[in-house]
Amino acid sequence: MFEIRIICETPDRESVINGLRSQFNIGRVRSSFSLTSGGERLYITADLPAPNPWPTPEQAYADAPGVGYELEVTREILTDTPLSPDLNREYWLRRAAALDRMALGLAPGHDATPEAARDAAINLMDLDSAAGLGPSGYANGPYHPDHPESTRNPRGYVRQEFAIWHKNNQ
């Protein structure tokens, strides 16, 4: 862990923080507005990101049912049962994983855009974040939904969670 000190103009504060967030795992941002020029000092703790924390698509989706089956299951979840928190999570997890595979070109005959896969991943992360961590089975991997690595790579979060869920639900 290390600390970064930055002097910047107040209007640039958010873009500076976002730029750092894209390169490092940053912690709390402390500010000091003592500059007479209207700028501020930012003090930020940070760590270097892990080299590649996510399972590869091949690892995450090994032995997974076909995308067509997954899409049918998600359709059935939506039409046949009222969504409980667990079914809602299963729906978003399976849908996000199917869209990820489709966007990667791993599902012949099925297409999805990277944006659609990312949007579904963010829905899953939001759901997991609202549910909290713990024995519920949500966010069982090393990176929770609010972790900077998850925020940077929502589809990686889906691969992590799908691999764990699939292993436990075969």
Side-chain angles (χ1 to χ4, degrees), residues 1 14-27 46-170:
M1 181 180 290
E14 289 307 310
S15 62
V16 167
I17 291 171
N18 288 335
L20 288 170
R21 187 171 283 125
S22 73
Q23 298 300 313
F24 303 104
N25 293 331
I26 68 170
D47 282 320
L48 293 173
N52 186 10
W54 307 111
T56 65
E58 293 77 18
Q59 293 167 330
Y61 304 126
D63 303 321
V67 168
Y69 175 81
E70 290 292 281
L71 293 174
E72 181 61 25
V73 168
T74 58
R75 188 192 65 73
E76 288 175 11
I77 289 172
L78 280 182
T79 58
D80 295 343
T81 56
L83 288 181
S84 67
D86 286 336
L87 280 178
N88 197 11
R89 183 175 198 268
E90 180 181 346
Y91 168 80
W92 279 112
L93 177 61
R94 291 177 98 150
R95 179 162 176 76
L99 288 171
D100 183 43
R101 290 162 64 190
M102 291 161 59
L104 289 167
L106 300 176
H110 299 281
D111 294 321
T113 64
E115 294 78 20
R118 187 177 195 287
D119 290 347
I122 290 170
N123 283 333
L124 174 68
M125 289 170 53
D126 289 346
L127 185 73
D128 285 359
S129 181
L133 307 176
S136 63
Y138 300 165
N140 281 329
Y143 295 102
H144 57 80
D146 299 317
H147 192 281
E149 287 295 329
S150 300
T151 304
R152 219 181 332 273
N153 187 354
R155 290 172 61 188
Y157 177 78
V158 167
R159 292 176 197 141
Q160 166 191 276
E161 292 301 302
F162 185 85
I164 294 166
W165 176 84
H166 183 63
K167 177 181 164 192
N168 294 330
N169 289 286
Q170 284 185 355

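One-based numbering along the sequence shown. Hydrogens, waters and symmetry mates are skipped; everything else that's a heavy atom, side chains included, is used.
Annotation: side chain to side chain contact (heavy atoms under 4.5 Å, CB included) contacts of P154 (sequence neighbours excluded): R118, A121, I122, M125. Legend: residues meeting salt bridge (charged side-chain N to carboxylate O under 4.0 Å, His left out) with R94, ordered by chain and number and at least two apart, are E70, E90.
The OG1 atom of T113 sits 7.5 Å away from the CG atom of D119 when rounded to the nearest 0.5 Å. Here the OG1-CG distance, from T74 to L93, works out to 11.0 Å after rounding to the nearest 0.5 Å. Here L99 contributes atom CG and L104 contributes atom CG; the two are 11.0 Å apart, rounded to the nearest 0.5 Å. A distance of 12.5 Å separates CG of D128 from CH2 of W92, quoted to the nearest 0.5 Å. The distance from the OG1 atom of T151 to the CD atom of E149 is 9.0 Å, given to the nearest 0.5 Å.
In terms of modelled atom types and a separation under 3.5 Å, the side chain of H166 and the main chain of D63 share a donor-acceptor contact. Q160 contributes a side-chain N or O that, together with a main-chain N or O of Y143, makes up a donor-acceptor pair within less than 3.5 Å.
Around atom CG of D111, no more than 12 heavy atoms belonging to other residues, nucleotides or ligands sit under 6.0 Å away.
Residues P145 and S129 approach most closely at CG-N, 3.6 Å, considering heavy atoms. The shortest heavy-atom contact between W54 and S150 is CH2-OG, 3.6 Å. The shortest heavy-atom contact between F162 and A64 is CE2-CB, 3.7 Å. Nearest heavy-atom pair, I77 versus Y91, reported as atom, atom and distance to 0.1 Å: CG2-CB, 3.9 Å.
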Exercise. Determine, step by step, whether Y61 and R159 satisfy the side-chain contact (heavy atoms from CB on, under 4.5 Å) criterion, reporting the C-alpha distance in whole Å, the side-chain angles of both residues, the deciding distance to 0.1 Å, and the verdict.
Key: CA-CA 8 Å; Y61 304 126; R159 292 176 197 141; 3.5 Å; yes

Exercise. Check the pair R95 / L78 against side-chain contact (heavy atoms from CB on, under 4.5 Å), numbers first and verdict last.
Key: CA-CA 11 Å; R95 179 162 176 76; L78 280 182; over 6 Å; no

Self-check item: Step-by-step side-chain contact (heavy atoms from CB on, under 4.5 Å) determination, Y157 to H147
Solution: CA-CA 10 Å; Y157 177 78; H147 192 281; over 6 Å; no

